[in-house]
Amino acid sequence: MRRAVCPGSFDPIHHGHLEVIARAANIFDEVVVAVSTNPAKKYRFTLEERLDMARETLGYLSGIIVEPMGEGLLAEYCHRRGASAIVKGLRSSSDFDYELPMATMNRQLSGVETVFLAAEGRFTHISSSLIKEVDSLGGDISDFVPRAVLKRLGGGAPKA
């Protein structure tokens with residue numbers, strides 16, 4: 001079985017994440033969506049809320065497991081889960097510049113490869129941080145997030 005890990009904080013999960021996870025599900029037999037918590041980050045949603053939104057949103061896909069990543073290195077988590085790959089979505093060259101050293105380190109630490117999937121053009125501007133900012137200022141985010149997120153955020157002024 002080919003298993004991959006798609007890690008992230010998913011605060012909140014958005015259509016860009018979903019597109020990458022769905023494509024990964026077409027490549028791998030199983031994709032573990034590993035929801036992480038970084039003590040240095042300030043989150044809008046608790047870990048349980050982020051897990052719930054991801055599970056609710058990804059329920060239509062087969063071969064997807066959503067779980068907390070826990071503490072420690074991603075490479076160690078992949079080894080424990082028997083994953084041969086990490087899947088990361090790239091929106092721009094700056095994402096690649098940020099992700100490449102981590103991919104190299106993960107491969108050296110555990111042998112796990114990183115598979116980069118280029119984001120679909122209509123999602124290259126979407127980030128969880130930008131969604132939270134637009135929402136906090138009363139903007140309409142309904143085109144960018146699934147219903148599970150929209151109902152928890154408020155979503156500004158959803159379209160009819």
| task | Check whether any side-chain heavy atom of Leu74 sits under 4.5 Å from a side-chain heavy atom of Val5, and report yes or no. | result | yes
| said: If we ignore hydrogens and angles and just use 3.5 Å, is the side chain of Ser128 paired with the main-chain N or O of Phe10 as donor and acceptor? | reply: no
| Contacts of type side-chain contact (heavy atoms from CB on, under 4.5 Å), residue Thr46, not counting sequence neighbours | Glu48, Glu49
| field | Asn106 to Val112 - nearest heavy-atom pair and separation | value | O-CG1, 3.8 Å
| query | Partners of His14 by ring pair (Phe, Tyr, Trp, His ring centres under 6.0 Å), sequence neighbours excluded? | reply | His17
| query | Do Val115 and Met1 belong together in a cluster built from hydrophobic side chains that touch within less than 4.5 Å? | reply | no
| field | Distance-minimising heavy-atom pair for Ala25 and Ser62 | value | CB-O, 4.4 Å
| query | Taking only residues two or more places apart in sequence, or in another chain, which ones meet Tyr43 in a ring pair (Phe, Tyr, Trp, His ring centres under 6.0 Å)? | reply | none
| Under a 4.5 Å cut-off applied to non-hydrogen side-chain atoms, are Leu90 and Glu99 in contact? | yes
| query | Which atom names give the shortest non-hydrogen contact between Tyr77 and Pro68, and what distance separates them? | reply | CE1-O, 4.1 Å
| request: Taking the side chain as every heavy atom from C-beta outward, state whether Pro7 and Ser36 have any pair of such atoms under 4.5 Å apart. | output: no
| said: Which residues pass the side-chain contact (heavy atoms from CB on, under 4.5 Å) test with Leu73, not counting sequence neighbours? | reply: Glu76, Leu109
| task | For the pair Val134 and Phe144, evaluate side-chain contact (heavy atoms from CB on, under 4.5 Å) and give the outcome as yes or no after the intermediate values. | result | CA-CA 11 Å; Val134 170; Phe144 311 117; 5.8 Å; no
| remark: The ring pair (Phe, Tyr, Trp, His ring centres under 6.0 Å) partners of Phe96 (sequence neighbours excluded) come to Phe116
| said: Minimum heavy-atom separation for Met53 and Pro12, please, with both atom names. | reply: CE-CB, 4.4 Å
| query | Can you find a heavy atom in the side chain of Pro146 that is under 4.5 Å from one in the side chain of Leu18? | reply | yes
| field | Ser142 and Asp140 side chains, donor-acceptor separation under 3.5 Å | value | yes
| query | So how far is it from Ser92 OG to Asp97 CG, rounded to the nearest 0.5 Å? | reply | 8.0 Å
| request: List in chain and number order the residues that pass side-chain contact (heavy atoms from CB on, under 4.5 Å) with Val66, two or more places apart in sequence or in another chain; answer none if no residue qualifies. | output: Val33, Val35, Leu51, Ala54, Arg55, Leu58, Ile64
| query | side-chain contact (heavy atoms from CB on, under 4.5 Å) between Glu30 and Ile65: does it pass, once the steps are laid out? | reply | CA-CA 8 Å; Glu30 188 174 88; Ile65 296 169; 3.4 Å; yes
| query | With sequence neighbours left out, what residues match Ser129 under side chain to side chain donor-acceptor pair (under 3.5 Å)? | reply | none
| note | When rounded to the nearest 0.5 Å, the distance separating CG of Asn26 from CZ of Arg23 is 9.5 Å
| said: For Val149 and Ile13: C-alpha separation, side-chain torsions, deciding distance, then whether side-chain contact (heavy atoms from CB on, under 4.5 Å) applies. | reply: CA-CA 7 Å; Val149 173; Ile13 196 164; 3.7 Å; yes
| remark: Taking every heavy atom of Ser127 against every heavy atom of Arg91, the minimum-distance pair comes out as CB-NH1, 3.0 Å
| task | Would you give the length of the straight line joining atom CE of Met69 to atom CG of Leu47, rounded to the nearest 0.5 angstrom? | result | 11.0 Å
| said: Can you see whether Thr37 engages Arg50 through a side-chain donor-acceptor pair at a distance of less than 3.5 angstrom? | reply: yes
| task | Could you tell me which residues satisfy salt bridge (charged side-chain N to carboxylate O under 4.0 Å, His left out) with Glu67, sequence neighbours excluded, listed by chain and number? | result | Arg81
For residues 118-126, dump all side-chain donor-acceptor pairs below 3.5 Å to protein atoms at least two apart in sequence or in another chain.
unit_1, atom_1, unit_2, atom_2, d
Glu120, OE2, Arg122, NE, 2.4
Glu120, OE2, Arg122, NH2, 3.1
Thr124, OG1, Gly121, O, 3.1

| field | Of all pairs that satisfy salt bridge (Lys or Arg N to Asp or Glu O under 4.0 Å), the ones with a partner from residues 35-46, not counting sequence neighbours | value | Arg44-Asp135
| query | Got a donor-acceptor contact below 3.5 angstrom from the Ser136 side chain to the Glu133 backbone? | reply | yes
| Pairing residues for Asp29 by the salt bridge (charged side-chain N to carboxylate O under 4.0 Å, His left out) criterion, not counting sequence neighbours | Arg2
| said: Donor-acceptor check, side chain of Lys88 to backbone of Asp95, threshold 3.5 angstrom: yes or no? | reply: no
| said: Using the rule given for side-chain contact (heavy atoms from CB on, under 4.5 Å), can you reason through Val87 versus Phe28, listing the C-alpha separation, both sets of side-chain angles and the distance that settles it, and then say yes or no? | reply: CA-CA 10 Å; Val87 174; Phe28 296 94; 3.7 Å; yes
| message | My understanding is that a hydrophobic cluster links ILVMFWY residues whose side chain heavy atoms are under 4.5 Å apart, including indirect links. Using that, what else belongs to the cluster containing Met102? | response | Tyr98
